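Values in this document were obtained by computation on a predicted structure and should not be read as measured data. In what follows, residues are counted from 1 in the order of the sequence shown.
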Amino acid sequence: MRNKILWIVIVVGVLVGVGVFWLNSDITQKKYEASSVGKNPIIELSDNDPRFDSWGKNFPEYLDMYLSVQNQEPKPTEFGGNLSYNKLMRYPQLTLLWAGYAFAVDFNEERGHFYAQNDQMSTGRNHKDLLNSSGLKAFNGQPTACMNCHSGWVPWLYKNVAKEDWSAFNTTQYWTMIKNVPLMDGQKADSIEHRGMHGGTRMGLTCADCHNPNDMGLRITRPAAINALIARGYKADSVQGIKASRQEMRTLVCSQCHVEYYFRPTGKKVKIMGESISADTNAKWWNGTQKTYDEIDIWRNGNKPIEIVADGIELTFPWNEWKKGKPFRIEMLDDYYDKNKDVFPYDWIHRDTKAPMLKIQHPESEMYSGGIHAANGVSCADCHMPYTRKGSKKVSQHNITSPLNDINSSCKSCHAQSEDYLRNQVYNIQNSVAFDLRSAEYAIVSLIVDIKYVRGELGKLSLYQTNNKPDEGKISKELQEILILHRKSQMRADFANAENSAGFHNPQEASRMLLQAIDMARRGQILLAEVASKNHIKFKASNLTFQDIQKFAPKELRWQVDVGNHKKGDRFYEEKDVNVAPPKDLIKLDENIKPYRYQVLDKTINIH
């Protein structure tokens, strides 16, 4: 009996031993496979070829994830998604808030890094004839500074075309610089490959924007980000761009673009590349003026690069007041732009109020910095590029999308609650901030309507006239304090609007700045009433509602005049799923948010 038991123990021991050996061997092999990604490269990576299709030969799993957006059905969410609908049709108040600026003509929902350059080249904001014929006669085309956050070719163009002259790179006309994307693999200039999104002129962000080709370590490739981080207190680094830990870099590489910025005049002339079409007297814009560049991404019809001189600009992040290790506060922008008003007084003059305005751009880094996730050391990549598995390999998700698309990987690595609970948390926060934002926007639009009215009435009075005509300078001086309130209140609403988390990155700061915006707008109306009373003008403060503002909703973007092959009334966008009308349920959501109809908004929420 004892021998039988002994043999059983021996057999079981052998089987367990074999099993442990096999398991250990399997784990070791998988660890080797996971750690050896890119160790035996198919091609040698180089900044001379930043195309993701090239780099993806060494990292096919990551390339597949990045390119997955191509095959996804465009899908809107409550405050985002990848359906490129016309946001001016959903939020008509923006046409009044941005009156006199290009965003009031064309503004669509974003659809990801892969499309970044394609959509920047396609937008009406980058087409002089479209904007000039839409009433924005001062628009002369976007500079290359606009390309910094859209094209993976930027570092190559900066080095090889601008010869690392930062001012010359940014000052060059956008359509001129993009013509210099190199022909790869024997491409022809007018080929689909050269002018497409897979490595051509329309290529968006790519691996090389964030990774070093030598060891795939994280790096910052955009000089504007490096300059701004140094101004905050970071030290420069020849490899990474700045000295920071890997966990910090998992946020800072995103901060190359997800930030507020402006184009700072250098005060100096700079030699840049121009186009010989400027000497072709037959090349005219729609209004008969001489073309200075060809609004296309290739050299054609004898058009060649020439050297010209222009007023220099440089892409700049307004971060001097925001020090390293501190959360961002909206007042820091007030202080920064006030200190720099002699160099950069405004982005544009508001068409109706004549206030000098600032246009805020996607400031996710600033908003996130003071939120609960940043306070706990969570990086952008932890949520937007969570670790997942591809076969036996642990990889970070590279389609870079909303954490809500994979709550299990993005959120539940830290949070123990159910996916439904976590989704409801986000839903509640975003709806609450949306109420604050709509309240602020409607208050500011009401102020704009009132300022426009009072300006018109003041212009009828001889005290505010010159040669029997309204003197806008005199009127603006009388309304100076009110115009400052318009500028600062709208900057706060614009900040929350442009920040793409709908407030989730930092709901406390989002609500605080929006309460300020409402207070400033209402104070502006009070002061306006005092000006009206002093000048014996009848005045009643406006209070526009959702229904009032819907009357300003535009149609899809169309040509206003005959231009080239385009006829008046033709649809501007060639892509059928871009600039489309927003889904009706999103319009209904906005109607329920302001005022806050909890009976509808909370119907799917269960707090248990």
Audit row: Asn579, Arg571, side chain to side chain contact (heavy atoms under 4.5 Å, CB included) steps and yes/no: CA-CA 10 Å; Asn579 197 243; Arg571 193 172 186 274; 4.2 Å; yes
Derivation of the salt bridge (charged side-chain N to carboxylate O under 4.0 Å, His left out) call for Asp297 and Lys179: CA-CA 5 Å; Asp297 54 345; Lys179 291 179 174 66; over 6 Å; no
Stepwise side chain to side chain contact (heavy atoms under 4.5 Å, CB included) test for Glu556 and Val580: CA-CA 7 Å; Glu556 63 180 6; Val580 296; 5.9 Å; no
Salt bridge (charged side-chain N to carboxylate O under 4.0 Å, His left out) evaluation trace for Lys339 with Asp335: CA-CA 6 Å; Lys339 289 179 180 179; Asp335 292 343; over 6 Å; no
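Other residues, nucleotides and ligands contribute over 12 non-hydrogen atoms within 6.0 Å of the NZ atom of Lys284. More than 12 heavy-atom neighbours from other residues, nucleotides or ligands sit within 6.0 angstrom of CZ on Phe539. In this structure, Gln290 places its CD atom where more than 12 heavy-atom neighbours from other residues, nucleotides or ligands lie under 6.0 Å away. Other residues, nucleotides and ligands contribute over 12 non-hydrogen atoms within 6.0 Å of the NZ atom of Lys323.
In this structure, the separation between OH on Tyr101 and CD1 on Ile349 is 12.0 Å, given to the nearest 0.5 Å. Rounded to the nearest 0.5 Å, atoms CG (Leu315) and OG1 (Thr171) are 11.0 Å apart. Taking CG from Leu333 and CZ from Phe328, the interatomic distance works out to 3.5 Å, rounded to the nearest 0.5 Å.
Ring-plane geometry between His350 and His486 is classed as perpendicular, the angle between the planes exceeding 60 degrees on a 0 to 90 degree scale with a lower cut at 30. Between Trp559 and Phe572, the ring planes lie tilted relative to each other; the angle falls in the 30° to 60° range. Ring geometry for Trp319 against Trp322 counts as perpendicular: the plane angle is over 60°, on a 0 to 90° scale with 30° as the lower cut.
For the pair Trp286 and Asn132, the tightest heavy-atom approach, listed with the atom from each and the gap, is NE1-CB, 3.3 Å. For the residue pair Ser542 and Val449, the shortest heavy atom distance occurs at OG-CG1, 4.0 Å. Residues Ala116 and His150 approach most closely at O-CD2, 3.4 Å, considering heavy atoms. The two residues Arg90 and Ile587 make their nearest non-hydrogen contact at CA-CD1, 3.7 Å. Of all heavy-atom pairs between Asp165 and Ala168, the closest is OD1-N, 3.0 Å. Looking at every heavy atom in both residues, Asp209 comes nearest to Gly152 through OD2-CA, 3.5 Å.
Under the 6.0 Å cut-off for aromatic ring centres, Tyr261 and Phe263 qualify, their centroids lying closer than that. Annotation: Phe169 is in aromatic contact with Tyr158 [ring centroid separation under 6.0 Å]. Aromatic ring centroids of Tyr293 and Tyr174 lie 6.0 Å or more apart. Aromatic ring centroids of Tyr368 and Phe504 lie 6.0 Å or more apart.
For the residue pair Glu441 / Ser439, no side-chain donor-acceptor distance below 3.5 Å is found, with atom types taken as modelled. For the residue pair Asn108 and Lys87, no side-chain donor N or O sits within less than 3.5 Å of a side-chain acceptor on the partner. Side-chain polar atoms of Arg522 and Asn543 form a donor-acceptor pair below 3.5 angstrom.
Between Glu295 and Lys128 no salt bridge is recorded (no basic side-chain N to carboxylate O distance below 4.0 Å). Between Lys488 and Asp338 a salt bridge is recorded (basic side-chain N to carboxylate O distance below 4.0 Å). At a threshold of 4.0 Å, the pair Glu472-Arg455 counts as salt-bridged, since one of the basic side-chain nitrogens sits closer than that to a carboxylate oxygen. We find that Lys359 and Asp494 are joined by a salt bridge, their nearest charged nitrogen and carboxylate oxygen being less than 4.0 Å apart.
Of the candidates Leu485, Leu447, Ile444, Leu485 is the only one forming a side chain to side chain contact (heavy atoms under 4.5 Å, CB included) with Met520.
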